[in-house]
Amino acid sequence: QVQLVESGGGLVQAGGSLRLSCVASGTESIFSINTMGWFRQASGKQRESVATVSPDGTTNYADSVKGRFTIARDNAKRTVFLQMNSLKPEDTAVYYCYGRLWPASSDMFGDYWGQGTQVTVSS
């Protein structure tokens, strides 16, 4: 079975940078990988989309992170990245990896989520 595993979170001062990684772990084959992305949820707030990337490379960013964050994917390595620069305290949240995948064991696409990684930006 396929599991999304995030890494790279941590504590950083305002203005600093972090690079998040998400790997579709396991040995199961994946027939197709559709949209990949990153979502975040701050304490007491709804989960929101941060950045997504479609199979054709089209990216979509939340207004609050445009110009600061960059999303990239490597299908061969079954990995998606989020480069986070010029971090602000309001970026503090749990960041979740998202992938719409078609594992070999399934009969259709499904939505898969990572367990989340904490990003804390201090001032």
Side-chain angles (χ1 to χ4, degrees):
Q1 113 272 103
V2 177
Q3 191 138 352
L4 301 183
V5 181
E6 305 102 329
S7 62
L11 175 64
V12 65
Q13 291 188 336
S17 298
L18 286 173
R19 182 176 176 85
L20 305 183
S21 300
C22 172
V23 177
S25 66
T27 59
E28 183 179 2
S29 297
I30 299 177
F31 288 146
S32 184
I33 304 176
N34 205 280
T35 299
M36 303 286 290
W38 291 91
F39 290 68
R40 68 185 180 187
Q41 185 168 19
S43 296
K45 297 184 178 180
Q46 296 289 322
R47 185 176 299 187
E48 64 176 351
S49 177
V50 177
T52 60
V53 56
S54 299
D56 66 357
T58 301
T59 57
N60 186 30
Y61 296 94
D63 288 341
S64 60
V65 308
K66 287 181 179 177
R68 300 188 298 120
F69 292 8
T70 303
I71 189 170
R73 63 191 289 170
D74 186 335
N75 287 341
K77 297 183 178 180
R78 310 204 302 186
T79 304
V80 62
F81 306 95
L82 185 68
Q83 180 66 46
M84 309 165 66
N85 298 326
S86 302
L87 284 162
K88 305 175 180 179
E90 49 263 47
D91 295 318
T92 295
V94 177
Y95 284 70
Y96 297 91
C97 178
Y98 164 81
R100 187 160 178 81
L101 315 173
W102 191 334
S105 61
S106 299
D107 61 359
M108 62 184 296
F109 278 102
D111 296 325
Y112 292 81
W113 294 90
Q115 82 287 349
T117 184
Q118 177 70 46
V119 171
T120 302
V121 184
S122 65
S123 60

Could you tell me whether the side chain of L20 reaches within less than 4.5 Å of the side chain of M84, counting heavy atoms only? yes

How many angstroms lie between CG in L11 and CD in Q118, if you round to the nearest 0.5 Å? 9.5 Å

So do the side chains of V65 and R40 get within less than 4.5 Å of each other, counting heavy atoms only? yes

Any side-chain heavy-atom pair from P103 and F31 closer than 4.5 angstrom? no

Could you give the distance from CZ (F39) to SG (C97), rounded to the nearest 0.5 Å? 10.0 Å

For the residue pair Q13 and L87, establish whether any side-chain heavy-atom pair is separated by less than 4.5 Å. no

Calculate, to the nearest 0.5 Å, the distance between atoms OG and CD1 belonging to S105 and I30 respectively. 9.5 Å

Check: Y95 and E6 side chains under 4.5 Å, non-hydrogen atoms: no

Single hit among D111, N34, T35 for side-chain hydrogen bond (donor to acceptor under 3.5 Å, both in side chains) with R100: D111

Same apolar cluster: V12 and V50, side chain cutoff 4.5 Å: yes

Do you know the tightest heavy-atom contact between A42 and A93? N-CB, 3.7 Å

Co-membership, hydrophobic cluster, residues I33 and V2, 4.5 Å side-chain: yes

Linking I/L/V/M/F/W/Y whenever their side-chain heavy atoms sit closer than 4.5 Å, directly or via other members, would Y112 and W38 fall into one cluster? yes

Closest non-hydrogen atom pair between L82 and A51, with its separation: CD1-CB, 4.1 Å

Separation between CE (M36) and OG1 (T59), nearest 0.5 Å, reads 15.0 Å

Ignoring hydrogens and angles, state whether a donor on the side chain of S64 or E90 is under 3.5 Å from an acceptor on the partner side chain. no

Linking I/L/V/M/F/W/Y whenever any side-chain heavy atoms sit under 4.5 Å apart, do F69 and F81 land together? no

OG/S17 to CZ/R68 distance, rounded to the nearest 0.5 angstrom? 10.0 Å

Contact check, side chains of T52 and Y98, non-hydrogen atoms, under 4.5 Å: no

Looking at K88 and D91, is any side-chain nitrogen of the basic one under 4.0 Å from a carboxylate oxygen of the acidic one? no

Is there a donor-acceptor contact under 3.5 Å from the side chain of Y96 to the main chain of Q41? no

Look at the side chain of T117 and the backbone N and O of S7, then say whether any donor-acceptor pair between them is shorter than 3.5 Å. no

How long is the span from the CD atom in Q115 to the CG atom in L4, to the nearest 0.5 Å? 9.0 Å

